[in-house]
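Please read these numbers as outputs of a predicted model, since none were measured by experiment. Below, chains carry the letters A, B, ... as their sequence lines are ordered, and counting in each starts from 1.
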Amino acid sequence: MNFIVSTWAIVVKDVRSELRTRYALNALLMFVVTSVATILFALRDDELSPEILSGMFWVVIFFTAMSGLSRIFVSEEERGTTLTLQLVASPSVVYFGKLLFNSGLTLILSSAVTVLYVVVFPAFVIKSPLIFGFTVFLGSLGFASAATIIAAVIAKANTKGTLYPVLSFPILIPLLMTVMKSTARALDGELFTAALGEFQILVSYLLVMTAGSYLLFDYVWKE
Amino acid sequence: MNTKMIIGGLVILVGIVLGTINFLDSNVEYGDFADARRIQKKIQVKGEWVRDRESSFNTEKIQFTFYLKDDSGEISKVVLDGGRPNNFDLAASVVVKGKYSGDYFHATEILTKCPSKYEGRTGVMKKQS
Amino acid sequence: MESGGHSMNRVTITAHDVAKDFNRRQIFRDISFSLSLPSSLAITGKNGAGKSTLSKILAGLIGSTRGSITYTLNDKQVGIEKFKHSIGFVSPYLNLYDEFTALENLQLLSRIRATTQQNEGRMKDLLSLVNLWQRRDDLVGTFSSGMKQRLKYAFALLHNPNVLILDEPTSSLDEEGIEFVQRIVRQQKEEGVLIVATNDKEEAGWCAKEIHVGMPER
Amino acid sequence: MKAVKYLSIILVTFVIIAGIAIPMVPEPQSLFEFPIIPGLEDKARNIFFHVPVAWTSVLGFLVALYYGFKYLRTKNLDYDIQSVSSAGLGMMFCLLATVTGSIWAKFNWGSFWNWDPRETSIFILLLIYGAYFALRSALGSDEARARLSAVYAILAGLTAPFFIFIMPRIVGGLHPGAKGDTSGSTPVAQLHMPPNMRFVFFVSLIGFSLLFIWLLNVRIRAARVEHQLSIKDH
């Protein structure tokens, strides 16, 4: 019980901190707008196939997330509040609190990208909303899971910004390949059952990454 | 600490088992020409090049046309966007990716598979020995 | 300062041959002692000898390279995650959140700790004690370093810790600040366990025992 | 270790000679003749080198992961020396496997790089090795470097099963073991070779593994000496 109360208190603390500083959210949304605008400039009137659009969809999410999700640990490390947090909470509580916050942030991010894509790309028509919804939901959670533990790792390093995508990309490739595939299915208007295999992989990835991070987090968090 | 290891380990195990089950029944998305005509979507068809029917290369459209016999025995015309692959003559089997349109299969990609790699002529060798 | 009617638990901290390496070089080794309340210990040594490091190890914030620390709570050995809630820690390496006010910091951190109820009365007492009650709704980011140091004391004492660990206790404090630190120290060493890591002879003198860290000269 | 050293040298030398010198004839009659494989011809000889080298790069990663795990358990920095030595060696073999594979692909499939599942996997392994060393160079203290790079290696290891699950679904390919290849799921399991070729192939696997063990040992000893010297310097 205390575990849940503490974890939630960390989320509350981070949300209030984010609302006050707007550090991650503003940067994320601006990044989305600029990257989508760049794609539009490059394309002009060319129509894109569902495969390419679904790839571009996740490319934007990947790079945007790489600009913001690491804040969750880097900000604690930079301000010297890591010890404070260590003093009041166990590593597991910190991990799950930060994971929840990052998951929320990733869900907001992918929803924003979805809305933007539907508005600006005429070819981005979600023909199977159910596949699309599940893909974005499970994909965002899995994404946040891997991104959170890598964020904790790079918070201790010297070159945080450039290192983040370098370390995250190999870990995220299986996830990215799967979500691109099932997003393409959603744009193609396939039946829900066609994407069940992808969902199974996404759930499996989410479980393995979260449990693995939970076990490894102690070693990352505590010197 | 130990219960933590057990919980974490179990979840990882469940995740991997889930993935393995998925892997085991992952249906390889191959079909034959009949499937391609039916679903009218992008599909992969595996088959053998029918060497005794004509094949041609259209230099204007850069399209290579040939006939392919799929695994269920149906022979169909295939139009490939692009040139004739280098080792097309040697290929034991050919995989084409694309859609059925009208009276021919329109392929956007082609994969040529060499004769089962290192088998060589073991079959012949065995018969002789 | 009142301990708020909380009865003190019986606690002991025992260090067994604790050693810490950094970049493969030993900072200190063979640190052994046992403390049970009431008692007080000064950790002394030169700059870079590892006073802060040892105090962080005792607070369970970093691990030792070799050796171990054991904690008992009411005669039962407990892990650090459980014992953490009996420790109060003040250190130059520990900062509070700049984007929250003094009061919000205390509220948010005690909510994360979750073991004790939110006690607004105690927060008021502590903020008054460190002379920050008037400034409770100001962002910590606007505080001077002395005010931040005072707030750290309020945070450290918030949950009535049995063990109080102070690293450089009077850094950036004015005379009045040093006075209240001395009051806190006096009470803590009578009722609980006090550990002070310091360079200052006078501060080391607050404690009954002294341990010297650092490697012998070669 | 002496025995490992000489045995690996002998075995690898044997493989080089046998793999290159044994003639390929259309209908082999004796032990010292390999069959000609239509479409591959002499290019088939690459299997004696490319596959064992690729296997060794995976071995290097697994050994690095194992010692990383041991470091986390014991906090003994000697395990980190063993872990990073193995990773360095593994990365070298990974580069070799990429190059040999890519050249072979050029002559056999017509392009150096095709994003075939196996090519994709070795590319990802290269990325992981690269990320591992980038992380190590960005960390300040030896202890943090050992701790965090071990964590990263384990995380990367956890994603490995997914590549096995996903690859066949996503991309078809030409490499043995790719989607649609009915003859087997890995190049090693799929050994429809004549017995004498299979013998050379297995000798090569063992020879390269032993070569790896010996080189790893040399690297670890050199790294230990280097660290002792750097401590004395202070």
Side-chain angles (χ1 to χ4, degrees), chain A residues 1-26 71-101 155-156 158 214-223, chain C residues 20-22 52-53 55-65 79-101 104-118 139-141 145 148 151-152 155-156 158-159 161 163-165 167:
Chain A
M1 199 51 216
N2 272 346
F3 186 87
I4 297 167
V5 173
S6 291
T7 306
W8 187 245
I10 294 216
V11 179
V12 169
K13 181 221 109 191
D14 280 337
V15 169
R16 285 180 66 174
S17 170
E18 179 58 41
L19 289 179
R20 218 161 267 188
T21 59
R22 290 290 166 82
Y23 202 98
L25 206 59
N26 281 356
R71 283 301 301 169
I72 194 88
F73 285 109
V74 171
S75 69
E76 304 273 358
E77 200 70 34
E78 277 174 354
R79 291 180 298 177
T81 48
T82 304
L83 285 186
T84 315
L85 213 49
Q86 278 177 337
L87 204 61
V88 292
S90 71
S92 311
V93 165
V94 175
Y95 173 69
F96 282 111
K98 300 287 188 186
L99 175 64
L100 276 179
F101 181 83
K156 314 275 179 186
N158 309 324
Y214 165 68
L215 292 180
L216 288 170
F217 188 71
D218 284 12
Y219 300 106
V220 179
W221 185 234
K222 206 169 153 181
E223 268 170 50
Chain C
K20 181 74 179 174
D21 293 358
F22 186 74
S52 290
T53 307
S55 57
K56 281 191 236 170
I57 291 176
L58 290 173
L61 301 178
I62 60 176
S64 60
T65 309
I80 178 63
E81 290 313 329
K82 206 155 184 208
F83 195 77
K84 225 173 224 178
H85 301 304
S86 304
I87 296 175
F89 188 52
V90 174
S91 156
Y93 300 103
L94 180 152
N95 294 323
L96 297 169
Y97 292 92
D98 280 352
E99 69 270 30
F100 296 128
T101 69
E104 280 171 337
N105 261 293
L106 297 187
Q107 286 166 340
L108 289 168
L109 290 169
S110 78
R111 204 180 297 167
I112 293 173
R113 201 178 252 134
T115 49
T116 45
Q117 274 81 40
Q118 288 271 85
L139 294 184
V140 171
S145 55
K148 284 181 181 170
L151 186 60
K152 286 182 197 177
F155 163 64
L158 192 58
H159 55 305
V163 179
L164 187 61
I165 302 175
D167 185 8

To the nearest 0.5 Å, tell me how far [X] [atom1] sits from [Y] [atom2].
| X | Y | atom1 | atom2 | answer |
| --- | --- | --- | --- | --- |
| C:Glu104 | A:Ser17 | CD | OG | 10.5 Å |
| C:Ile62 | A:Lys222 | CD1 | NZ | 9.5 Å |
| C:Phe89 | A:Gln86 | CZ | CD | 10.0 Å |

**C:Leu96, part contacting chain A, at a heavy-atom distance under 4.5 Å** =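 Looking at C:Leu96, backbone and side chain both touch chain A.
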**chain A contact via C:Lys152 - side chain, backbone, both or neither, heavy atoms under 4.5 Å** =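 Contact with chain A involves no heavy atom of C:Lys152 at all.
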Least distance between heavy atoms, [X] atom then [Y] atom:
| X | Y | value |
| --- | --- | --- |
| A:Pro91 | C:Glu81 | CD-OE2, 3.3 Å |
| C:Phe100 | A:Lys13 | CZ-O, 3.5 Å |
| A:Arg20 | C:Thr101 | NH1-N, 4.2 Å |

Does any part of the side chain of [Y], heavy atoms only, come nearer than 4.5 Å to the side chain of [X], both counted from C-beta?
| X | Y | result |
| --- | --- | --- |
| A:Glu223 | C:Lys56 | no |
| A:Arg79 | C:Glu99 | yes |
| C:Ile112 | A:Leu85 | yes |

**Message:** Only pairs of heavy atoms separated by less than 4.5 Å count here; which of A:Val12, A:Leu87, A:Asn2 has the most with chain C?
**Reply:**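 Greatest number of close heavy-atom pairs with chain C: A:Leu87.
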**Message:** For the interface with chain A, which of C:Asp98, C:Ile80, C:Leu94, C:Ile87 has the highest count of heavy-atom pairs at distances below 4.5 Å?
**Reply:**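 Answer, by heavy-atom pair count under 4.5 Å with chain A: C:Leu94.
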**Prompt:** With no hydrogens and no angle check, is any side-chain donor or acceptor of A:Thr84 less than 3.5 Å from a backbone partner on C:Asn95?
**Reply:**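 Yes.
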